[in-house]
Protein chains: 2
Amino acid sequence: MSTETAASRRTTYTPDSLLEVAVAVFNERGYDGTSMEDLARAAGITKSSIYHHVKGKEELLERGVNRALDALNGSLDEMEALPDAGELDRVEQAVFRAVQILVEELPYVTLLLRVRGNTEAERAAQDRRREIDRRLAGFVERAADAGALRADVDPHLASRLVFGMVNSVAEWYRPQRDLAADDVAAAVTRLVFDGLRRR
Amino acid sequence: MSTETAASRRTTYTPDSLLEVAVAVFNERGYDGTSMEDLARAAGITKSSIYHHVKGKEELLERGVNRALDALNGSLDEMEALPDAGELDRVEQAVFRAVQILVEELPYVTLLLRVRGNTEAERAAQDRRREIDRRLAGFVERAADAGALRADVDPHLASRLVFGMVNSVAEWYRPQRDLAADDVAAAVTRLVFDGLRRR
DNA sequence: TGGAACCGACCGACCGTTCGGTTTACTGTA
DNA sequence: TACAGTAAACCGAACGGTCGGTCGGTTCCA
């Protein structure tokens, strides 16, 4: 009642609620493997009705990946604005937070991680993602310069591997079935910093 | 000269040499995003000529993913046939070897990792891959039962994360530009077992 | 000279998108 | 309470184009 006239009616779509359906189908069948007919069937409306809400298939992709990119960029902004913790703590925080956001925005981040680069929108998403990877690698590099990391693994390689592990969570995580986001984030963080070996 | 009449003539395609081209294009544009016309252009022959070598697009996918699956299964067979090393050593060996094969058979493993499940061939590949994941998880579980792993991370979760890191190498590794396979494998193994933190 | 390798033309099916029109839900007026 | 007006939501039919695949040949070479 506070925000708008919406929320009373339902059964009808907004661009955002349609996006939710579309992204789910994209992740199941792949973007290129999804036809507008597939989306229409999943949404329970006809193909032509989709065009009442969005300009086309590519806009759905663009909105989907941008939601993930905005969330990831936002948390990086927050972390950089924070008073300087130790360089190692900052990396630990980045890893933990990355897992949190991946789980919170799972469908959208999943979509982003699978973008191939066939269209202009996809290449733009890849560019924005590379910028995020660069910022994360920066954290790792500063920690390495401060001598907080082991010296026998190149910081760039370490960054790729660590956030590769983080992103791999999108391959299997299911909200209902699996642990809470923070538990997964904690496990990843422990593994990344102290390894699998018993001490 | 030892194997066959081939190797003398070139400029013509065999199913395998065509596969090499096709898999490269699949990985660049995605399987569904690749048209037979794309493949023909990349191979330097016409669309219809492709059908002289293979039955169709799906056979190329099937051959591609099976090459990766056979390589992975083969190395698992080898490892299980080996005299029993310690349970921890076996996990370490599995991680190292997984990276090696991923790099050796990079295009084929990359293709496998991106399979979506839209066709029967894709679902068969997913099933075979799940079996491999199960065998790998078995190694980790046995090491955990033997008390060789840290107790505060669930072995199933640990397995997913570790081999998630391994597989993430396919996202960025380029043979010319990057380290040798064994160097990457060593880095992954170090990170997985002893972590990023300086000691 | 026979088979392997390849080609150009073409097929039906399906693609993303458009368009004209209908239904639905809500509003202001009486 | 009744109803006309309106805009959002939706639909069926069709568009031009591209898809994977077929077919009847021609070229090449051992």
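Nothing here was measured: the structure is a model prediction, and the numbers come from that model. Hydrogens, waters and symmetry mates are skipped; everything else that's a heavy atom, side chains included, is used. Throughout, protein chains are lettered first and strands after them, A, B, ... in sequence-line order, and every chain is numbered starting at 1.
- Each of A:His52 and A:Ser48 was assigned the nucleotide of DNA chain D with the nearest heavy atom; the assignment lying further toward the 5' end belongs to A:His52.
- In this structure, the nucleotide among C:dA5, D:dC10, C:dG8 sitting nearest to the side chain of B:Thr46 is C:dG8.
- Using a cutoff of 4.0 Å between basic side-chain nitrogens and carboxylate oxygens, A:Asp32 and A:Lys57 are not scored as salt-bridged.
- The distance between atom CG of B:Leu18 and atom C1' of C:dC6, rounded to the nearest whole Å, is 12 Å.
- Taking 4.0 Å as the cut-off between side-chain N and carboxylate O, B:Arg90 and B:Glu87 do not count as a salt-bridged pair.
- Pairing each heavy atom of A:Gln126 with each of A:Gly117, the nearest pair is OE1-CA, 3.5 Å.
- Using a 4.0 Å cut-off between charged side-chain N and carboxylate O, B:Arg142 and B:Asp145 make no salt bridge.
- The phosphate of C:dA4 has neither OP1 nor OP2 within less than 4.0 Å of any side-chain N or O from B:Thr12.
- The NZ atom of B:Lys47 sits 10 Å away from the C1' atom of C:dC10 (whole-angstrom rounding).
- If you run side chain to side chain contact (heavy atoms under 4.5 Å, CB included) between B:Arg135 and each of B:Met79, B:Arg130, B:Glu80, only B:Glu80 comes through.
- Contacts between residues 56-64 of chain A and DNA chain C, defined by a heavy-atom separation under 4.0 Å, are made by A:Gly56, A:Lys57.
- Side-chain nitrogen and oxygen atoms of A:His53 include at least one within less than 4.0 Å of the OP1 or OP2 phosphate oxygen of D:dC10.
- With respect to the salt-bridge test (charged N to carboxylate O, under 4.0 angstrom), the residues A:Arg134 and A:Glu131 qualify.
- The side-chain contact (heavy atoms from CB on, under 4.5 Å) search around B:Leu191 returns A:Arg150, A:Val153, A:Leu161, A:Val162, B:Met165, B:Leu196, not counting sequence neighbours.
- Rounded to a whole Å, the OH atom of A:Tyr51 is 13 Å from the C1' atom of C:dC19.
- Salt bridge present: A:Arg128 and A:Asp70 bring a charged side-chain N and a carboxylate O closer than 4.0 Å.
- Among all heavy-atom pairs drawn from A:Glu58 and A:Thr119, the shortest one is OE2-OG1, 2.9 Å.
- C:dG16 atom P lies 14 Å from atom CG of A:Asn118, rounded to whole Å.
- At a non-hydrogen distance threshold of 4.0 Å, A:Thr34, A:Ser35, A:Met36 from residues 26-40 of chain A come into contact with DNA chain C.
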